[in-house]
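Quick notes on the structure that follows.
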Amino acid sequence: MARGTEYSFLPKLSSKREVFGLGACLCLIAILLRLGVALHPYSGAGTPPMFGDFEAQRHWMEITYHLSPSEWYFNTSNNNLSYWGLDYPPLTAYHSWICGAIAHSINPDWVSLHHSHGLEDYYHKLFMRYTVLVADILIYFPAIFVFVFGVYRSLSLEDKLSTAFIILVTPSLLVIDHGHFQYNSISLGLAVWAVLASCTRHNLLSCIFFSLSLNYKQMELYHSLPFFFFLLGKALQQREARYLTIIKYGLCVIATFLICWLPFLSSISSIQQVLHRLFPFSRGLYEDKVANFWCSLSVLIKLKLLLSRGVLLQLCFWTTILSIVPSAINLLFYPTPYRFLHSLVNSALSFFLFSFQVHEKSILLAVIPVSLLAVVHPFVSTWFILVATFSMYPLLVKDGLVLPTWSLSLFFFLSSYLFLPRLSYKMHNQDRRINLLFYVSMGLFFALCISSHFVTPPARLPDLFPVLISGFSCLHFLGFLVWFNYMQFMPQQIGHTYQKYFRLVHNKPHEN
Ligand SMILES: *[C@@H]1O[C@H](CO)[C@@H](O)[C@H](O)[C@H]1NC(C)=O
């Protein structure tokens, strides 16, 4: 076999035309899957008076289009913050404003002030679905292709295309963005642009992209420490102008923030109000059944009842920090793209598991860096991505997304098996007990998810299945956290063939 142990489902490509043709076909399949999910209901469909995330996004278009920025984050007679008040940073608001203006020009009823609450209209749903698709195609798709072609430069062309395809069909992002309804592909896409920029030594660009991503969704804070330590570590390794470089990075971040926040800088109280909307600590430790450590622990010990909110906040803060510190320090001393990508996983997982007020959808912040590593750790990444999808199962059932969840998970597993270079090789050649563990884990998830539809839980335990699913996912995530930390510290573990994927970006010292 010409390419050693690498299996690719794709035929060998010989001309540029073939590469473009095949790339376009794979993109079209990824788009088709998104359109298929979009046919299904969204969160809060037909459930007045509050509806769900879909209505929240529509409401923000209404508010931002009709009111001046000075009212967006304030409780005024035209903006009742108790009804889906804007709680994302300014870039989300500007994006809503643009979509609101387009919506208004198509049909003013879709965003009419006060009168459009809870609007449910077929063509409006279509419009909203297309806004997500357009954002996804404009920001996320190119980010993934440029990432794979720019960072995994030593992969064969066929393997680059297959890898990009696998990242593009990650089920959890598809069901949340195109089913449940959110615009994660924007914040995550900007973060991938930032990762790509810093891995290819465009560090100032990376600062700008990451600041933009943080200004679209504050959840990107989950990725901030790896970015900070990677850029700092690289700057400190330079022979000259270290501090000047660090100052330049800082100025880039500050300038991007200032531009994003410009309309809200009129007074200190205005800034405080926006910040207060972004970080509402008064909400509590957790809201729903989330595969978070505290939420799973609450089955055994009710910490909420034992400790005050202040103590809980501190407990969450210190456990999160402690869990990130090893990975961050390691990255500071060895700022390589390999360790950076692992550190992104470790940091996002630590925040998801141990921080205060976590949403089940926040697992997406770990899923994306894991999917970027799919070519390096095909087996564990596939496993992780499937577990992350099942961890949101109760939410997806509530949204009426059972069919797309199962079909996308199956599609993802089969395509990973066929497309991901070395996954099938690995599964045929690794210790059979590890494969068994994988099948047992998947089998148990399957059993739990299916039983949640057909088995009536005892009256004393109405939440039995959501709790079991989130507890089981939490166990997996704790295991994955340990494993990804181990892999970050031991790059030699991945062996020669894998290491070559990173060689090109490793070779030269990482400088500007
Ligand atoms: C906003 O004001 C309305 C009355 O206009 C009030 O009912 C609501 O509780 C307020 N919401 C917040 C979040 O302050």
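Only this structure's heavy atoms are used, side chains among them; waters, hydrogens and symmetry mates stay out. Everything quoted here is computed from the prediction, not taken from an experiment. Remember, it's 1-based here, ligands and their atoms both numbered in the order they're listed.
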Can you establish whether the number of heavy atoms outside Trp383 located under 6.0 Å from its atom CH2 is more than 12?
yes

All N/O donor-acceptor pairs, side-chain side in residues 459-470, below 3.5 Å, sequence neighbours left out:
{"unit_1": "Ser470", "atom_1": "OG", "unit_2": "Pro466", "atom_2": "O", "d": "3.2"}
{"unit_1": "Ser470", "atom_1": "OG", "unit_2": "Val467", "atom_2": "O", "d": "3.2"}

I want to know if ligand 1 touches Arg277 in the polar sense, i.e. an N/O pair below 3.5 angstrom.
no

Can you sort out the partners of Phe141 under ring-ring contact (aromatic ring centres under 6.0 Å, His included), two or more places apart, ordered by chain and number?
none

Atom 5 (O) of ligand 1: any protein heavy atom closer than 4.0 Å
no

To the nearest 0.1 Å, how far is atom 13 (C) of ligand 1 from its closest protein heavy atom, and which atom is that?
Ser82 OG, 3.6 Å

So which heavy atom in the protein is nearest atom 12 (C) of ligand 1, and how far is it from that ligand atom?
Asn75 ND2, 3.3 Å

Below 4.5 Å, heavy atoms only, C-beta onward: do Leu81 and Phe74 meet side chain to side chain?
no

